[in-house]
Amino acid sequence: MTPLRLHDTLTGEKVAFEPRPGSDRITLYVCGPTVYNYAHIGNARPVVVFDVLFRLLRRLYPDRDVVYARNITDVDDKINAAALEQGVDISVVTDKYAEIYNRDMAALGALAPTHQPRATAHMGEMVTLIGRLLDDEAAYESEGEVLFDVGRYDGGSGRYGRLAKRSLDDMVAGARVEVAENKRHAADFVLWKPSKPGEPEWAGPRGLMGRPGWHIECSAMSEAVLGLPIDIHGGGHDLIFPHHTNEIAQSCAAHGAEDPRAYARYWMHNGFLDFSGEKMSKSLGNVVLVHELVETYPGEVIRWALLSGHYRSPLDWTPELLERSRKALDRLYGVMQRAGDQISDGDEAVLEALTDDLNTPKAFSALFETDGASLKAAGAVLGVLQLDPAAWFEGRADATLKAEVDRLIAERFEARQAKDWAAADRIRDRLTELNVVVMDNPTGATWRMKD
RNA sequence: GGCCUGAUGGCGGAGUGGUUACGCAGAGGACUGCAAAUCCUUGCACCCGAGUUCGAUUCUCGGUCAGGCCUCCA
């Protein structure tokens, strides 16, 4: 079997993935959503990408327990704002959108992660972690806030910005934000802060009431749920700085670790989607919600589209991409359908591509070289082509429509047998009106929904 | 301003120091009552300059252009 190679953000190179010696587990942590609204298609890219990694790890290491955690951030300013506006408890907002998120991601063929920890359920671990940082003077208290002392952590060693390939000096030089007065260093970040009136609050370190900063939750939850070190930590590449940079700093400081790998051994980051070269934004009006997309396109088409570019490259999200993806699946399901009941396995070419840093475009091209009987097996690790071909082509036709179509096709077959071409064409026109495409063959016909 | 990526045929998108993707679209053909689908054949590329090399799309340097991060962000 080809050894797995992954691009590690920490080194900036493709490296061989080595499971921890002496462990029977492989752990994967991916930063999940802040649940205050519907997820957009950009949120879905890491979900689908790391779902492929999850499947691949399970396929490659059947003797190990692959444990995948993807958190839910349910403490956040935007959540507070939404709850306040609706006059409800934050849990009303977060429960609603977490559920919708999970349903929408499932529609994209993403397996449920092993764990889905929520920040509000891990306050105790966060407070303990912050307390330890305070005790070790890695963090300090100022005006009711607890701040991480970045200057002390770095100590001129250059280890603070290593993940982002940026030194503390670079950051100061390039700083565009004004520095809060209570910070010792411009890069210091909040671990704990007071809540505003009307916002939820928790008992924090040293009796400080308030709420956690953003970064601490992932440090606390990943350790609580997976244990350190995490094997692979992933997320969108915008998280490299500051989120993941700060996770490393606080976790390493809390455990007196020099090497960032004491926190996570490999770091992976997916690139962004863009929209005809533009970033998605509310002001441009080009925000694409997964929740709406799955109403229009089969989840598998969306999944294919998301995987049709390499995960680290930008991917231009266009209607054409979706149409191309649908065609690709139509063709492959067609090959599968013609193979009939023959089933064989063999996913070597796909594995070969995926073990090279998740080369999904190459894996897709391998699918086009795969015989129909093996397609289902080959598609499994990619999470595609798992449907019965007939079910794929019938799309969301309901039972009534199916019965009608079958009746028309039977009639049409008789007309064709009788060489009554006018009648046959008339029936085909009826089917076209029903949005059905017929494909004749010597013994009858198969059909599919037009879109 | 600081830091980091990337530049491949009409389009999408892999990859490689010397022969190759793959998909879509195009052209020609086969099949077909007509279609659709399918099958066969086929054209089209590696941003610019210099260097290394017997040889560079692939390595090095410079340039140009594009994108990202530096602030919440997948």
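All chains are named by letter (A, B, ...) in the order of the sequence lines, taking the proteins before the strands, and each is independently numbered beginning at 1.
Only the P atoms considered, rG2(B) is 26 Å distant from rC73(B), to the nearest whole Å. For rG49(B) and rA35(B), the P atoms lie 50 Å apart once the distance is rounded to whole Å. Atom C1' of rC44(B) sits at a distance of 15 Å from the matching atom of rC22(B), rounded to the whole Å. Between rC48(B) and rA7(B), the distance separating the two C1' atoms is 11 Å to the nearest Å. Look at the C1' atom in both rU53(B) and rG12(B): the space between them is 34 Å, to the nearest Å. Nucleotides rC31(B) and rA37(B) have their C1' atoms positioned 11 Å apart, rounded to a whole Å. Here, rA14(B) and rA36(B) have their C1' atoms 31 Å apart, quoted to the whole Å. Taking atom P on both nucleotides, rU60(B) is separated from rU52(B) by 15 Å, rounded to a whole Å.
Side-chain contact, Tyr97(A) with Thr34(A): no donor N or O sits under 3.5 Å from an acceptor N or O. For Asp104(A) and Tyr38(A), the side-chain atoms include no donor-acceptor pair closer than 3.5 Å. Side-chain contact annotation: Gln116(A) with Asn102(A), donor-acceptor N/O pair under 3.5 Å present.
Ion pairing of Arg407(A) with Glu411(A) is present here, as a side-chain N (NZ or NE/NH1/NH2) and a carboxylate O approach within less than 4.0 Å. Comment: Arg103(A) engages Glu99(A) in a salt bridge, judged by a side-chain N to carboxylate O separation of less than 4.0 angstrom. The pair Arg448(A)-Glu394(A) does not meet the salt-bridge criterion, since no charged nitrogen lies less than 4.0 angstrom from a carboxylate oxygen. Between Asp8(A) and Lys14(A) no salt bridge is recorded (no basic side-chain N to carboxylate O distance below 4.0 Å). Taking 4.0 Å as the cut-off between side-chain N and carboxylate O, Lys402(A) and Asp406(A) do not count as a salt-bridged pair. Taking the charged nitrogens against the carboxylate oxygens, Lys362(A) and Asp356(A) have no contact shorter than 4.0 Å, which rules out a salt bridge. The residues Asp77(A) and Arg211(A) are annotated as salt-bridged, a charged nitrogen and a carboxylate oxygen being separated by less than 4.0 angstrom. Using a 4.0 Å cut-off between a side-chain N of Lys or Arg and a carboxylate O of Asp or Glu, Lys376(A) and Asp388(A) do not qualify as a salt bridge.
Residue Phe393(A) contributes atom CZ, which lies 16 Å from atom P of rA36(B) at whole-angstrom precision. If you measure from atom NZ of Lys450(A) to atom C1' of rA35(B), you get 13 Å, rounded to the nearest angstrom. For Leu293(A) and rA74(B), the CG to P distance is 17 Å, given to the nearest whole Å. Atom CG of Leu431(A) is separated from atom C1' of rA35(B) by 13 Å (rounded to the nearest Å). Rounded to an integer number of Å, the gap from CG of Leu163(A) to P of rC4(B) is 14 Å. rU8(B) atom P lies 19 Å from atom NZ of Lys362(A), rounded to whole Å. Atom CG of Asn359(A) is separated from atom C1' of rU16(B) by 13 Å (rounded to the nearest Å). Asn270(A) has its CG atom 14 Å from the P atom of rC73(B), to the nearest Å.
With hydrogens and angles ignored, a donor-acceptor pair under 3.5 angstrom links the side chain of Asp425(A) to the base of rG33(B). Under 3.5 Å, the side chain of Arg428(A) and the base of rC34(B) form at least one donor-acceptor pair of N or O atoms. For His40(A) against rA74(B), a side-chain N or O and a base N or O form a donor-acceptor pair under 3.5 Å.
Comparing Met439(A) and Ala366(A) by the nucleotide of RNA chain B whose heavy atom lies nearest to each, the residue mapping closer to the 5' end is Ala366(A). Remark on RNA chain B: of its neighbouring residues Arg312(A) and Leu321(A), the 5'-side contact belongs to Arg312(A), judged by nearest-heavy-atom nucleotide.
Within 4.0 Å (heavy atoms only), Asp316(A) reaches no atom of the nucleic acid at all. Residue Ser308(A) is classed as a sugar-phosphate contact, given heavy-atom separations below 4.0 Å to backbone atoms only. At a threshold of 4.0 angstrom between heavy atoms, the contacts of Lys78(A) are confined to the sugar-phosphate backbone, with no base atom among them. At a threshold of 4.0 angstrom between heavy atoms, the contacts of His243(A) with the nucleic acid are absent. Among the atoms of the strands shown, none is found under 4.0 Å from any heavy atom of Gly334(A). Nucleic acid contact class of Arg45(A) (heavy atoms, under 4.0 Å, all strands): none. Within the nucleic acid shown, Phe241(A) comes within 4.0 Å of sugar-phosphate atoms alone, with no base atom in reach, counting heavy atoms only.
Side chain of Arg338(A), nearest nucleotide from rU38(B), rA36(B), rC70(B): rU38(B). If you check rA14(B), rC69(B), rC72(B) against the side chain of Trp214(A), the one that comes closest is rC72(B). Relative to the side chain of Asp238(A), the nucleotides rA74(B), rG33(B), rC70(B) differ in distance, and rA74(B) lies closest. Which of rA35(B), rC4(B), rA74(B) sits closest to the side chain of Leu273(A) comes down to rA74(B). When distances run from any side-chain atom of Leu239(A) to the nucleotides rC70(B), rA74(B), rA37(B), the shortest one goes to rA74(B). Here the side chain of Pro361(A) is nearest to one of rC4(B), rC22(B), rA14(B), namely rA14(B). When distances run from any side-chain atom of Val437(A) to the nucleotides rG68(B), rC72(B), rA36(B), the shortest one goes to rA36(B). Nearest to the side-chain atoms of Arg412(A) among the listed nucleotides rA21(B), rA36(B), rG33(B) stands rG33(B).
His244(A) pairs in a ring pair (Phe, Tyr, Trp, His ring centres under 6.0 Å) with only one of the listed residues (His215(A), His237(A), His233(A)), which is His233(A).
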Subject >> Under 4.0 Å protein heavy-atom contacts per nucleotide of nucleotides 23-30 of chain B, with B for base, S for backbone only and - for none >> reply: SSS-----
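For Trp447(A), no side-chain nitrogen or oxygen approaches OP1 or OP2 of rA36(B) to under 4.0 Å. Proximity of Asn43(A) to the phosphate of rC73(B): no side-chain N or O atom is located under 4.0 Å from OP1 or OP2.
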Original post:
According to the Watson-Crick and G-U wobble definition with distances under 3.5 Å, which dot-bracket string, read 5' to 3', encodes RNA chain B, using [ ] for crossing pairs and | for pairs with another strand?
Top reply: (((((((..(((.....[...))).(((((.......)))))....(((((..]....))))))))))))....
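Aromatic ring orientation, Trp304(A) versus Phe364(A): parallel (interplanar angle below 30°, classes split at 30° and 60°).
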